[in-house]
Amino acid sequence: MRAEPAAKAREQKSGATGSRTSLAQRFRAYLGHHRQNARDSLLRLLSAPVQSAMTLLVIAIALALPGMLYMGVINIQALSGSIDTSARMTVFLQPDADKADIDALMSRLQAGTGLASVTYISRDQALEQFRESSGFGEVLTLLDENPLPPVLILEPESIADADAGFLETLQGELETNPLVDDVVLDMRWLQRLQGLMAISQRLVLAMAAILGLGVLLVMGNTIRLAIENRREEILVVKLIGGTNGYVRRPFLYSGFWFGLLGGLLAWLMVWAGIFLIREPVAGLASLYQNPFSLIGPDLRQLSLLLAVGALLGLAGSWLAVAQLLHKIEPE
Amino acid sequence: MRAEPAAKAREQKSGATGSRTSLAQRFRAYLGHHRQNARDSLLRLLSAPVQSAMTLLVIAIALALPGMLYMGVINIQALSGSIDTSARMTVFLQPDADKADIDALMSRLQAGTGLASVTYISRDQALEQFRESSGFGEVLTLLDENPLPPVLILEPESIADADAGFLETLQGELETNPLVDDVVLDMRWLQRLQGLMAISQRLVLAMAAILGLGVLLVMGNTIRLAIENRREEILVVKLIGGTNGYVRRPFLYSGFWFGLLGGLLAWLMVWAGIFLIREPVAGLASLYQNPFSLIGPDLRQLSLLLAVGALLGLAGSWLAVAQLLHKIEPE
Amino acid sequence: MIRFDRVSKRYPGGRDALADISFELHEGEFAFLTGHSGAGKSTLLKLVMLMERSSQGQVLVNGKSLNRLHRSQIPYYRRRVGVVFQNHHLLFDRSVFQNVALPLQVSGYPARDVAKRVRAALDRVGLLDKENRNPVALSGGEQQRVGIARSVVHKPRILLADEPTGNLDPELSAEIMDLFRRFSEVGVTVLIATHDVVLTTRMRCRELKLHQGRLVQGETVES
Amino acid sequence: MIRFDRVSKRYPGGRDALADISFELHEGEFAFLTGHSGAGKSTLLKLVMLMERSSQGQVLVNGKSLNRLHRSQIPYYRRRVGVVFQNHHLLFDRSVFQNVALPLQVSGYPARDVAKRVRAALDRVGLLDKENRNPVALSGGEQQRVGIARSVVHKPRILLADEPTGNLDPELSAEIMDLFRRFSEVGVTVLIATHDVVLTTRMRCRELKLHQGRLVQGETVES
Ligand SMILES: Nc1ncnc2c1ncn2[C@@H]1O[C@H](COP(=O)(O)OP(=O)(O)OP(=O)(O)O)[C@@H](O)[C@H]1O
Ligand SMILES: Nc1ncnc2c1ncn2[C@@H]1O[C@H](COP(=O)(O)OP(=O)(O)OP(=O)(O)O)[C@@H](O)[C@H]1O
Ligand SMILES: [Mg+2]
Ligand SMILES: [Mg+2]
C-alpha cells in the first residue's frame with residue numbers, strides 16, 4: 001500500500017476527464033485484441049487437450065458425414081459417366097441387306113439432326129457382342145448358324161423427355177424403309193435409370209437434410225454448451241463496460257478454431273473412408289471391364305470443408321453468445 | 001430469530017449423538033430420492049425446452065444414423081432373399097434328347113445329395129424365359145426357328161466355397177453323359193456378388209465405426225458439457241457430505257432421460273426416412289417384377305434404440321460425473 | 001453527479017426493494033450507504049450502474065437520465081464507473097493480473113500502459129507479489145482486494161463499492177477506505193455500501209441510511 | 001474434539017499457508033479464529049473439513065486422525081460437520097428451502113422431518129418468508145444467512161464458520177453469534193473465523209490468532 005503523491009492525483013484527474021487514448025492507439029489496441037484473442041482461444045483449446053479433442057471429434061464427425069455423402073455423389077457421377085448411358089435406338093436390318101444401301105442410309109442419318117452417333121454392327125460383330133454382354137455366350141456357341149441380323153445403333157444427342165417424340169418419329173420413318181426389318185427403341189433401361197435416380201435423389205436429399213441439420217445442431221449445441229461454461233466471463237466483461245463485439249470476440253475465435261480444425265479432421269476422415277473402400281470398388285469395377293476407380297477428396301474438398309467448418313463455427317458461437325447476451329441484459 | 005428453550009436444546013444434543021434415523025427410514029428416503037430425482041431431472045429437461053430440444057435432437061440424430069444403417073442392412077438382406085441368388089449349374093441337353101431319358105436323369109440327380117433342386121426347362125420355356133429376362137426378346141422374335149436346347153437347372157444346397165469342388169465334379173460327370181451337350185457352371189455372378197459384398201461390408205464397417213464413435217462422442221460430450229454447467233452442484237453436495245452415488249444420481253437420471261427420449265426421436269427419424277424412400281423403391285422393384293417393399297422400423301427396433309440410447313446416456317453421464325468428481329477430490 | 005429523483009424499484013414478484021428515493025451526490029463527494037441486510041443498498045448501486053432499471057422515477061448521472069441512455073451506449077457509460085461487487089465477480093480462468101487489466105483492455109488501452117497501471121493498482125491493495133496467481137488460489141480477503149484493484153485501475157469518474165471490506169481485517173479496511181477517500185479528493189464521486197460501524201463513525205462522512213427500502217437519513221437534495 | 005498436532009499446510013507453488021500449528025478445542029467449546037487477510041484462517045477450517053489435506057502433522061477429530069480416514073468415509077464424516085463457507089456456496093438452480101434441505105436429504109432424512117427442520121432453521125436466521133425464493137433474488141446478507149441455516153439444519157457436532165457475518169449488519173451479527181453460542185452450549189464445538197473486532201472483544205471467548213500462518217495467541221494445548 002503506497003501513498004499517492006498529489007502530482008499523480010492531478011494526472012489522474014485529467015485522465016478521468018479527457019478522452020484518454022488517441023484513435024490510433026485505440027485502433028492498434030483493437031488489432032492487438034484480435035491477435036491476442038486468436039492466439040488465446042487457440043491456446044485455451046490446446047490447454048484442455050482431451051476435452052477439446054472430444055469436441056473437435058464431434059464436430060469433425062458431423063462434418064465428415066455430409067463430406068462422405070458429397071464424395072459419394074461425385075463418384076456416382078463419375079461412374080455413370082464411365083458407363084454407357086445414352087438412350088439408343090436399335091435398327092434391325094434385313095439379314096440380306098446390301099452393304100452399299102446400308103452405307104447410304106447411314107450417311108443420310110448422319111447428315112440429319114438430333115443424332116449423336118450412328119454405328120453399324122455387322123452380323124458377326126453382333127454375335128460377338130451378344131456373346132460377351134449377355135452372359136449367354138455359351139448358348140450361342142451351340143448354334144450352327146448366326147441368327148442375328150446386322151444392326152444400326154443410333155444414339156440421340158440428348159435423352160431429355162422432349163426428345164422422346166423425335167425418336168419416335170424417326171422410328172416410324174425407319175420402319176417404312178425396305179432395308180429395315182424392325183426398329184427397337186430401348187427405353188426400359190431409361191425407366192430403370194430414372195427409378196434408381198429417384199431413389200438416390202430422395203436418399204441424398206433425406207441424408208443431406210438430416211446431416212445438414214445435424215451439423216448445425218451439433219456445432220451449435222457444442223459451442224453453446226462450451227460457452228455456457230464461460231457465462232461468468234460474459235457477465236463480468238459486460239459489467240465492466242465491454243461492448244457486445246468485445247464480449248463476442250473470444251467466442252467467435254473459439255468457434256472459428258473449432259470449426260476449422262474440425263473441418264481438417266473431417267477431411268482426413270473422408271479420405272480414410274474412401275481409402276478403405278477404394279480397393280474392393282476397383283476389384284468390382286474390373287469384373288465389369290470398367291477402369292473406374294474411386295475419386296478421393298482433393299484440395300478443393302479440403303478448402304470447402306475448412307470453409308464450411310469455420311463458417312458454421314462462427315455462426316454457432318455468434319448465436320450462442322447472442323442468446324447469453326440477451327439473457328443477461330436487464331429490462 | 002427465536003430463543004430456543006432448554007428442552008429443545010437437549011433434544012438437539014441427543015440428536016447430535018444418536019444414530020438419528022432408522023434403517024427402514026433411510027431406505028424409504030433412498031427410494032424417495034430416486035423417485036424425486038427421476039421426476040426432477042425430467043422436469044429440469046422440460047423447463048428449458050429449447051435447449052433440451054437442441055441437445056435431444058443432437059442425440060437423436062447421432063442415434064438415427066446408425067439406426068438407418070441398420071435398417072439398410074435389414075432391407076438389403078430381405079432384398080437379396082427375394083432375388084434368386086443360389087449358384088446354379090446349367091445343363092444344356094441335346095436338342096433331340098428323349099423326354100423319358102431326361103426324366104430318368106432328373107430322378108437320378110434328385111436322388112443324389114448336394115442338390116437343392118433340379119428343374120427342367122423345355123425348349124419353348126427356355127425361349128420364353130430368354131425373351132423375358134434378357135431384354136433381347138425383340139431379337140428372338142425375328143428368328144424362324146427356336147435355337148435353344150432344352151435345359152436342366154441344378155441348384156446346389158449351399159454356395160459355400162467348399163462346395164465349388166462338388167459342383168465341378170458333378171460337371172465333369174455330366175459332361176460325359178450322352179444326353180448332355182454342354183454344362184455351364186455360372187460362377188461369374190458369384191464373383192460379382194462377392195465383390196459387391198466386399199464393398200458393402202467395408203462400407204458398413206466404416207460407417208458403423210464412424211457412427212458408433214460419433215454416437216458415443218456426441219452423447220458423452222453433450223452430457224459432459226451439460227453437466228459442467230452444474231459443477232457447483234457437485235462441489236456443494238460433496239462438501240455437505242453427499243456420497244459419490246448421491247452426487248451421481250441426478251446426472252444419471254438426466255442422462256437416462258436424454259438417451260431415452262433421444263432414442264424415441266431417432267426411431268421417428270428412421271421411420272420418416274424409410275417412409276420417404278419407400279415409394280420410389282417399390283416403383284423400381286416393380287420394374288424388375290420384384291414385389292419387394294422396404295421394411296420399416298418396428299417395435300423391436302424401437303426398443304433397441306431406446307435401450308441403446310438410455311444405456312449410452314447413463315454411461316455418458318457416469319463418465320462425465322466421474323471426471324468431475326475426480327477433479328474436485330483433494331490430494 | 002449522481003441524482004435520484006423519487007426512484008422506486010420493485011423486483012418481479014417481490015415487494016418494493018427501494019421506495020421513493022431522492023438524493024444527490026456532488027462530484028468528488030464521498031458517502032456511505034448503510035442499512036440492515038436486505039435494506040436495498042445493493043439495489044441502489046445496481047441502479048446507478050444499470051445492472052437494473054428503476055421501476056419509477058429517474059436516476060440522473062452528470063445531469064443525464066439513465067432511462068434515456070440507449071442500449072448501445074451502456075458499455076461506454078460503464079467504463080466511467082468503477083464497481084466493487086459484493087460477490088467479487090472475478091474470473092477464475094485467468095490470472096490476477098489479467099482480471100485487473102480487464103477494464104483497461106475493454107476500453108482499448110495500449111498494452112504498455114495496461115501493465116503499468118495494473119501493477120500500480122495491485123500495489124495499492126498489497127497484492128503485487130500475487131499478480132500471476134489464479135484468483136481461486138487466493139484467500140477471501142485477497143479476492144476482495146483484486147476486485148478493488150479492478151474497480152480503480154481505469155480511474156473512473158464514479159466509484160461504487162458494495163461491502164468492499166466485508167472480508168478484510170480492520171487495518172486493511174482503513175487503508176482501503178483511505179484509498180477511496182483519496183480518489184474522492186481528485187474529483188471522483190464515491191459511494192460505499194457498508195455495515196462497518198467502526199469505519200463509518202470514525203470517518204465522519206455523509207451517510208445515506210436505508211431502512212426497508214426507504215431513505216431514513218442523508219436525503220437532503222439541494223435544488 | 002478438534003486437535004491440531006504440529007500441522008503445516010503448503011499449497012502447491014506457494015509458501016506455507018499454515019506452519020506448525022498446535023491447539024486443541026474441547027467438545028462444546030466456542031472459539032474465534034482471527035488474523036489478517038491471508039493469515040490462513042480459511043485454510044485451517046478447510047483442513048478440519050477435509051477440503052484440503054495437511055502437508056505435515058495431524059488433525060485429530062474426536063481422537064481420530066483425519067489422515068487415516070478412508071476416502072469413502074469422508075461423506076459420513078462431513079455430515080457431522082456444519083460449515084458456513086466464506087463464499088456462501090449456494091446453488092442457484094433451486095429454492096432457498098431446497099438449499100437448506102440439502103444436508104438432510106444427503107443423510108436420508110424422511111421428507112416430513114426435513115420440512116420441519118428446514119423451516120426451524122430458516123426461522124432462526126429470519127428468512128422464513130423467503131423459503132421459496134431463488135438465492136439469486138436475495139441480498140448478499142440474506143444469502144449469507146441461508147448458508148448459516150444450511151450449516152446448522154442437520155445439528156452437526158462441529159460447526160465451522162468462515163466470516164459468517166461479513167455481509168451482516170451489527171444487530172444481525174450479534175443474533176447469529178448468539179445462535180452459534182447456544183449450539184456450543186448443547187455440546188457442539190464451534191470455531192468461527194472472523195475479522196469483526198467488535199464481536200470478538202464483546203463476546204470474550206477464546207481467540208486463536210493467526211499471523212502469517214503461525215498461531216500467535218490461544219495455542220495452549222493441555223496434554
Ligand atoms: N489454493 C491455493 N493455492 C495457493 N495458495 C493459496 C490457496 N488458497 C489460499 N492460498 C494462500 O494461502 C494463504 C492463506 O489463505 P487463507 O484463505 O487461509 O487466508 P484467510 O486467513 O482465510 O484470509 P481471508 O481473511 O482474506 O479470507 C494466502 O496467502 C493465500 O494466498
Ligand atoms: N433479483 C431479485 N429479485 C427479487 N428480489 C430481490 C432481488 N434482488 C434483491 N431482492 C430483494 O430486494 C431487497 C433488497 O436487496 P438488496 O440486495 O438491495 O439488499 P442489501 O441492502 O444489499 O442487503 P445486504 O446488506 O444483505 O447485501 C431484499 O429483500 C432482497 O430479497
Ligand atoms: Mg447487498
Ligand atoms: Mg478466508
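Just so we're on the same page: letters track the sequence lines, and every chain starts at 1. Since this is a predicted model, take the numbers as computed values, not measurements.
Judged as a salt bridge (charged side-chain N to carboxylate O under 4.0 Å, His left out), and not counting sequence neighbours, Arg181(C) has no contacts.
When all heavy atoms of Arg94(D) and Asn99(D) are compared, the pair lying nearest together is O-ND2, 3.5 Å.
Applying side-chain hydrogen bond (donor to acceptor under 3.5 Å, both in side chains) to Thr34(C) and the options Lys209(C), Gln217(C), Glu207(C) leaves one that passes, Glu207(C).
Side-chain polar atoms of Ser42(C) and Gln86(C) form a donor-acceptor pair below 3.5 angstrom.
Residues of residues 158-168 of chain D lying under 4.5 angstrom from chain C, judged on non-hydrogen atoms, are Glu163(D), Gly166(D), Asn167(D), Leu168(D) by number.
Using cut-offs of 30° and 60° on the angle between ring planes, the pair Phe23(C) and Phe4(C) is parallel.
To the nearest 0.5 angstrom, Asp196(C) atom CG is 11.0 Å from His195(D) atom NE2.
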